[in-house]
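Both counts, for ligands and for their atoms, begin at 1 and track the order of listing.
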Amino acid sequence: MLTGKKILVGITGSIAAYKSAYLVRLLVKEHAEVRVMMTPAALDFITPLTLSTLSRNPVVCEPYDPADGTWNSHVDIGLWADMILLAPLTANTMAKMAHGIADNFVCTAFLSARCPVFIAPAMDVDMYQHPATQQNIQLLISMGCRLIEPQVGELASGLSGEGRMEEPERILEAIKRHFVERSDMKGKKVLVSAGPTHEAIDPVRYIANHSTGTMGFALAKEAAERGAAVILVTGPTTLTADHPAIERRDVVSAKEMYDECMNHFPFCDLVIMSAAVADFTPSHPEEQKIKKSRSSLTIALEPTQDILKTMGESKKPHQYLVGFALETDHELEHAKAKLQNKRLNLIVLNTLKDTGAGFGFKTNKITLIDDSGNFREYETKPKQDVARDILDWVTGRIPNNQSLTK
Ligand code: CTP
């Protein structure tokens, strides 16, 4: 699967560097072409000889070799790579990468590269959870780096918690998946909705819900990375979508979301409605601010239009419709009813009973149920991994029709 893929492994100064030797071996066994670069601190943990023997290539530690003056070009190696994999990545090198500091070979190669960059952090639990580290991770993610989340467990310090570098076998899986997935949605046009809607009561107040848009943005990013052209229709959120294949449309109300989604729907192969669209909206939003001098206040609400249901009624055979169901009780029963009533191909069920699922969490726990009676329950995972599971399911099931282009 990795035959001929050029993988540049960067090793930084963490005790987890001992696992990198095994990781390099795994990559070479998969027929990847592997080159290793190390920071000065990494040399305290593992020798270049081990890594050059395993990778079958010289290891680069410095921009030049003072012994014979050999110049190692960070630009050449950065452009050579199909992927950079930083494993283990320390808090220190992560901070330098996030802020463009280029004081060693690994950091300069990172700045010179145009390929995807995967990062596998390894550090002590408090360092990992420190806001500085978390902000640096978010910065790197916003630059397009893919995070291989560290695991929870016993750490070299003796403490226990989040910070253990992911196991080499799991890192290998993530890399393989990346190369397989990168093009499996090429040529497809995908509509993703995300976030809440705001329904105006008066010019300063509105009815909303707790949706942050994280799940929808993760889905849009995953589809874009797999080669799809993505329209992301989002309600109010602070999130950013920075993939060039994502065309973002901002809306506020359920009515605006309906109009924008229906405008793009006829031209899409796949629709994923992850937005938490308001079911009711004030019938007569006040033009002026409502004053508290009133002795009581009743706000009349009227139903909004169900976007997915409308799509389900008019969908063409080549179109694949995915809905979300966030339930608090009789979860399966309600999700299956939505699948049928809205004529969906797939429903993603998440229940507020599961810890780590739903609004405001970085993770989600889902069950997928499709129109052929297939059913699969997943573990609690980061939302980006949940997005991958959903698209793994959908890819291959989207009828192989040519997209209609607008
Ligand atoms: N949905 C939609 N248009 C609406 C309301 C919901 O397209 N006006 C979509 C959501 O984006 C989601 C699915 O329908 O994909 C299910 O939404 P949910 O709120 O769980 O269910 P409802 O159909 O609104 O029913 P209820 O709130 O009674 O559970």
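- K338 NZ, 3.5 Å is the protein heavy atom nearest to atom 18 (P) of ligand 1.
- Taking every heavy atom of T304 and a limit of under 4.0 angstrom, the matching atoms of ligand 1 come to 8 (N).
- In the candidate list G323, S193, A275, A275 is nearest to atom 10 (C) of ligand 1, counting heavy atoms.
- Every atom of ligand 1 is numbered from 1 in the order shown, and the set under 4.0 Å from a heavy atom of A325 is 20 (O).
- Interface of L326 with ligand 1, defined as ligand atoms under 4.0 Å from a residue heavy atom, comprises 20 (O).
- In summary, R249 and E247 engage in a salt bridge, as defined by a charged side-chain N under 4.0 Å from a carboxylate O.
- Ion pair R343/E313 not flagged as a salt bridge, since none of the NZ, NE, NH1 or NH2 atoms sits closer than 4.0 Å to an Asp/Glu carboxylate oxygen.
- Here D184 does not pair with K186 in a salt bridge; the nearest charged N to carboxylate O distance is not below 4.0 Å.
- Those atoms of ligand 1 with a heavy atom of L308 less than 4.0 angstrom away are 2 (C), 7 (O), 9 (C), 13 (C), 14 (O), 15 (O).
- Taking 4.0 Å as the cut-off, Q305 counts as a neighbour of ligand 1 on heavy-atom distance.
- Interatomic distance, CE of M127 versus OG1 of T90, reported as 7.5 Å (0.5 Å rounding).
- T237 and T234 share no donor-acceptor pair across their side chains, judged by distance under 3.5 Å alone.
- In the vicinity of M273, heavy-atom distances shorter than 4.0 Å reach the ligand 1 atoms 7 (O), 11 (O), 12 (C), 15 (O).
- Proximity to K342 (heavy-atom distance under 4.0 Å) selects the following atoms of ligand 1: 1 (N), 6 (C), 9 (C), 13 (C), 14 (O), 16 (C), 22 (P), 23 (O).
- Using cut-offs of 30° and 60° on the angle between ring planes, the pair H198 and Y206 is parallel.
- The option from T328, V271, D279 that lies nearest to atom 27 (O) of ligand 1, judged by heavy atoms, is D279.
- Between E302 and K255, none of the side-chain N atoms (NZ, or NE/NH1/NH2) sits under 4.0 Å from a carboxylate O, so this pair counts as no salt bridge.
- The single protein non-hydrogen atom nearest to atom 3 (N) of ligand 1 is I307 N, 3.0 Å, given as residue, atom name and distance.
- Taking the charged nitrogens against the carboxylate oxygens, K365 and E379 have no contact shorter than 4.0 Å, which rules out a salt bridge.
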Would you sort out whether E225 and R177 count as a salt bridge (charged side-chain N to carboxylate O under 4.0 Å, His left out), showing the intermediate values?
-> CA-CA 12 Å; E225 284 182 354; R177 216 167 29 230; over 6 Å; no

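- Counting heavy atoms under 4.0 Å from ligand 1, residue H334 does not touch it at all.
- Looking only at heavy atoms of the protein, atom 17 (O) of ligand 1 is closest to F324 O, 3.6 Å.
- When only interatomic distances are considered, the shortest N/O to N/O separation between E327 and ligand 1 does not fall below 3.5 Å.
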